[in-house]
Amino acid sequence: MGPEARKSYHEELKELQNMVEEMGDLASQAISLSIEGLVELDDEKVKMVEDIDSKIYAYDRAIEKKSLNLIALQAPVAKDLRFIGTCLKIITDLDRVGRYSMDIGKVTRRMQGKKHLKKLVSIPYMAQLTIEMVDLAVDAFVEGDETKIDAIYENEEKVDALYDEIFREVLTYMIEDSKSITMGTQYVLVIRYLERIADHACNIVERVVYMETGEMVDHEV
Amino acid sequence: MIRKLKELFKEEQSCQRIEMPIDKKMLVEDLDLWYGKTKALKNINIELEENKVTAIIGPSGCGKSTLLRCLNRMNDTIPSVRVEGKVWLDGYNIYDEVTDCVDIRRKVGMVFQKPNPFPFSIENNIYYGCQVNGIDVDKGGVVERSLKQAALWDEVKDRLDENALSLSGGQQQRLCIARALAIEPDVILMDEPCSALDPIATAKIEDLIDELKEYYTVIIVTHNMQQAARVSDYTAYMYLGELIEFGETTQIFENPQEENTERYITGRFG
């Protein structure tokens, strides 16, 4: 075969990949900070999450623009086309991860001046699992390694189980003491957001499977 | 149609006949071609579907034009060429000893890269093929039908007696297509028909190809991969004289199965 052609186009594809990777890192940081903010009831961390979310949004716009430019100017096909299609899809997932982190921040704000019902253990663990899922999904994208889907699905089952477990625990608190309802409903919101983040990580890795193999994964959540 | 075929393959009793797979117009079977000692086509096997557009793509020198020219025995005009294998058209082997090349070319018309109208009037360009083939048709009728099918009628209907060389490049190419259609072929071969044309003329030819497939089987060689993606139903990718991959165009351009195809169409070599 001859020498590589269309060098600058392939460099642009690489740049696009770097941008998605950076956006993924920010999304991961946003979850992490939002949970730290929740555990410590720290408004400074909520502000940091807001800043990160703005950056995530800026990446979303920039990546979309770059992807559309590449489609218009370079007429990508085959794996390149699937790669760009994947970028366009997963930035929406990453953007949603940022938004849910913000929503957790809003919960923290609503908890200002109050105390947790108990030391938070399960929620940070659930958050840790979702962060791992997002990190794995972004790694799968960057490395083109669709086999990471198994580890992600495994984590998702744990996250779903934790959701049920925490939900029941919070419910017990609320039944036993109506004063705990205000805080309890906020915890339920947080675990709902984390569960949705886990679903977005699944979406991302499913797109990576398509990007790598051309096969669409039909995952019943 | 059968009668016409029997006429075409005059010595039918000595002519081998096969049952064609459903919807297939032409079959290429174990085709090898040499230019002198150089083997330019290596064991090509391909099935060309009726009333569909098949694009042949691949880097320069891969043999795509050679393969196209095999489909109506145009390579026979080159002295050093030797062909082995079979090309079936409607069940008859066009490389059979008894087959008349001229008749084959009447059934399998060709349009070339550079528009090559004769230095006659527009209408005589169209009618010429009928004349030399002894086809008895109404001149006005065949001129109008062919020019309409080639989407050129509206542009030239008031100046049919003008010299064809006065037309623009794009119009000349559509005239050449109309000329090929005049003798009512079954298959039309196009060898980079748009490479000498501007984008507007190219778009007109591409629209035309889409319309032509309703009546004809079209096989197009193109260097322009986006053109192949736009106009064809099936795509064949060739490399160094071999057919590397053949499939539906959407599959070839979205998810090629061969690494070599992937590298070529994404511009990683070529």
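Note on naming: letters A, B, ... go to the chains in the order of the sequence lines (proteins, then strands), and numbering restarts at 1 for each one.
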* **Toward chain B: residues of residues 132-149 of chain A with heavy atoms under 4.5 Å** => none
* **residues 64-85 of chain A: residues contacting chain B (heavy atom under 4.5 Å, by number)** => A75(A), V77(A), A78(A), K79(A), D80(A), L81(A), R82(A)
* Asked: Any side-chain heavy-atom pair from Y57(A) and D53(A) closer than 4.5 angstrom?
  -> no
* **Pairing residues for D42(A) by the salt bridge (Lys or Arg N to Asp or Glu O under 4.0 Å) criterion, not counting sequence neighbours** => none
* To do: Using salt bridge (Lys or Arg N to Asp or Glu O under 4.0 Å) as the criterion, list what pairs up with E50(A), not counting sequence neighbours.
  => R109(A)
* Decide whether N72(B) and R105(B) meet the rule of one side-chain donor and one side-chain acceptor closer than 3.5 Å. => no
* Asked: Can we call the ring centroids of Y237(B) and Y264(B) under 6.0 Å apart?
  -> yes
* Asked: In this structure, are over 12 heavy atoms from other groups packed under 6.0 Å from K24(B) atom NZ?
  -> yes
* Take atom CD of E157(A) as the centre, draw a 6.0 Å sphere, and report whether it contains more than 12 heavy atoms from other residues, nucleotides or ligands. => no
* Begin with the C-alpha distance, continue with both residues' side-chain angles, and end with the deciding distance and a verdict on side chain to side chain contact (heavy atoms under 4.5 Å, CB included) for L16(A) and I63(A). => CA-CA 7 Å; L16(A) 187 63; I63(A) 291 167; 3.8 Å; yes
* Structure fact -> Between F253(B) and M225(B), the two heavy atoms sitting closest are CZ-O, 3.5 Å
